[in-house]
Amino acid sequence: QGLGADPGPNRTVSRGVDVQLDGSLSWSPNKIIVYKWDLNGDKDLNDAKGVKPSYRWKETGTYKISLKIEDENGKGDLNTADITVVPNVDFTVTKVTTTPEDAIDGRILNFKTIIENQGLDTWEKRVLVSLKVDDRVVDSKYLKGPIDTKGSSEITLGWKASPGAHKISIIIDPKMEIHETDEKNNSYIGDIPEVPSPDLYVKTIEWTPKEGIGDGSKVTFKTEIENKGAATLRDFVVRLYIDQHKLGDKRIKKGLGKGAAVPIPMEWTAKGGDHKIRHIPDIHHEIMESDEKNNALEKPIPFIPVPDLALT
């Protein structure tokens with residue numbers, strides 16, 4: 001069998017960083033006694049010797065490196081690989097400030113993030129930064145370059161708060177599009193103070209006229225929806241049913257404060273017979289509540305006489 005030089009795979013490395021090369025996968029039926037390296041692309045095999053030398057590239061670019069081996073019988077082989085040298089950059093999150101400090105359901109929380117380039121080179125291009133809440137990406141933006149060496153830039157990411165305890169992660173270059181000297185310091189992980197839950201319920205259902213409703217009469221319902229939990233800033237829809245039939249929807253905008261109530265008026269043309277009115281706040285489940293089982297209230301309407309029609 002023959003012998004073969006193996007300088008390792010094509011690689012991307014950072015400028016100005018010591019890189020260990022590896023020719024240990026070179027093979028020969030006899031003992032290999034010489035390893036010579038050309039590492040700057042000038043075809044002179046005098047840049048390094050040995051199986052695993054270290055080398056530092058001072059300039060960016062693509063270099064075709066060569067490894068030549070010789071065994072104890074004087075036989076040799078040469079093989080090449082490509083080394084791509086990129087700017088020396090290292091991004092890390094140095095500070096995160098959350099505003100406003102009090103988290104309310106439906107309120108946008110802004111995370112002002114300071115990102116520093118700890119590398120030796122200025123990064124001229126843009127950098128993607130993502131915000132995760134509980135392992136779900138909720139916002140992503142590009143931070144524009146240039147980002148100077150040892151310099152910092154600011155970016156603000158946002159999330160609409162929802163009830164519960166949450167963990168956030170801010171990740172620089174989440175798609176690993178940029179080669180950095182340290183790929184393990186790109187993330188910030190922190191906790192958000194627990195966001196309290198609202199609790200909507202139907203406080204009262206009233207109607208006028210209260211008595212003497214006849215077939216075809218106009219009936220006005222007035223329902224009061226109250227939030228006995230924490231405040232919410234989310235819109236929600238209140239739906240009114242007569243028996244199993246939808247009478248109408250009312251969208252409440254900008255939520256409902258803690259202990260606040262809102263009246264919901266609706267009209268109905270009465271029909272003879274027995275009927276029930278049922279009101280359901282947050283029919284589309286747009287709000288996470290502390291109690292989802294107390295949303296509906298149903299009341300019977302006094303019997304409405306059915307007209308007695310006769311042919312004459």
query = Which atoms form the tightest heavy-atom contact between Val202 and Thr223, and what is the distance?
reply = CG1-CG2, 3.4 Å
message = Could you tell me if the side chain of Pro198 sits less than 4.5 Å from the side chain of Leu256, heavy atoms only?
response = no
task = Could you tell me whether the side chain of Arg107 reaches within less than 4.5 Å of the side chain of Asp102, counting heavy atoms only?
result = yes
query = Under 6.0 Å from the CD atom of Gln20, do we count more than 12 heavy atoms belonging to anything else shown?
reply = yes
remark   = What one should report as the nearest heavy-atom pair of Asp77 and Ala5 is OD2-N, 2.8 Å
ask   = Are Tyr188 and Leu143 connected in a single hydrophobic cluster, I mean Ile/Leu/Val/Met/Phe/Trp/Tyr linked by side-chain heavy atoms less than 4.5 Å apart?
value = yes
message = Is there a path of hydrophobic side-chain contacts, each under 4.5 Å between heavy atoms, that joins Ile287 and Val262?
response = yes
Close side-chain approach of Ile277 to His275, heavy-atom, < 4.5 Å = no
query = Are Arg56 and Asp18 within salt-bridge range, i.e. N to O under 4.0 Å?
reply = yes
ask   = Below 4.0 angstrom, N of the basic side chain to O of the carboxylate: do Arg251 and Glu286 qualify?
value = yes
key: Gap separating the CZ atom of Arg239 from the CE atom of Met266, nearest 0.5 angstrom   = 9.0 Å
message = For Ser24, is there any backbone N or O sitting under 3.5 Å from a side-chain donor or acceptor partner on Asp22?
response = yes
query = Got a second to check how far Leu45's CG is from Leu67's CG, nearest 0.5 Å?
reply = 8.5 Å
key: Carboxylate-amine/guanidinium proximity below 4.0 Å for Asp191 and Lys167   = yes
inquiry  = Looking at every non-hydrogen atom in both residues, tell me the closest pair between Pro196 and Ala103 and how far apart they are.
reply    = CD-O, 3.8 Å
message = Applying a strict under-4.5 Å side-chain criterion to I, L, V, M, F, W and Y, I'd like to know whether Trp159 and Ile155 cluster together.
response = yes
key: Side-chain touch Thr122/Glu124, heavy atoms, less than 4.5 angstrom   = yes
ask   = Under 30°, 30 to 60°, or over 60°: which ring-plane class applies to Trp57 and Tyr63, parallel, tilted or perpendicular?
value = tilted
note = All heavy atoms of Glu180 vs all of Ser14, minimum pair found to be C-OG, 4.0 Å
ask   = Can you check whether Tyr35 and Trp37 have ring centres sitting under 6.0 Å from each other?
value = no
ask   = Does the side chain of Trp268 come within less than 4.5 Å of Ile301's, by heavy atoms?
value = yes
Worked verdict on Phe236 versus Leu200 for side-chain contact (heavy atoms from CB on, under 4.5 Å) = CA-CA 10 Å; Phe236 62 95; Leu200 307 178; 3.9 Å; yes
task = Rounded to the nearest 0.5 Å, what's the gap from NZ on Lys150 to CG on Asp90? Could you check?
result = 8.0 Å
Shortest non-hydrogen contact from Ile147 toward Ser153 = CG1-OG, 3.9 Å
query = Within a strict 4.5 Å, meaning less than it, do heavy atoms of the Ile252 and Ile225 side chains meet?
reply = no
task = List the atom of Thr113, the atom of Val93, and the distance in Å for their closest heavy-atom pair.
result = CG2-CG1, 3.7 Å
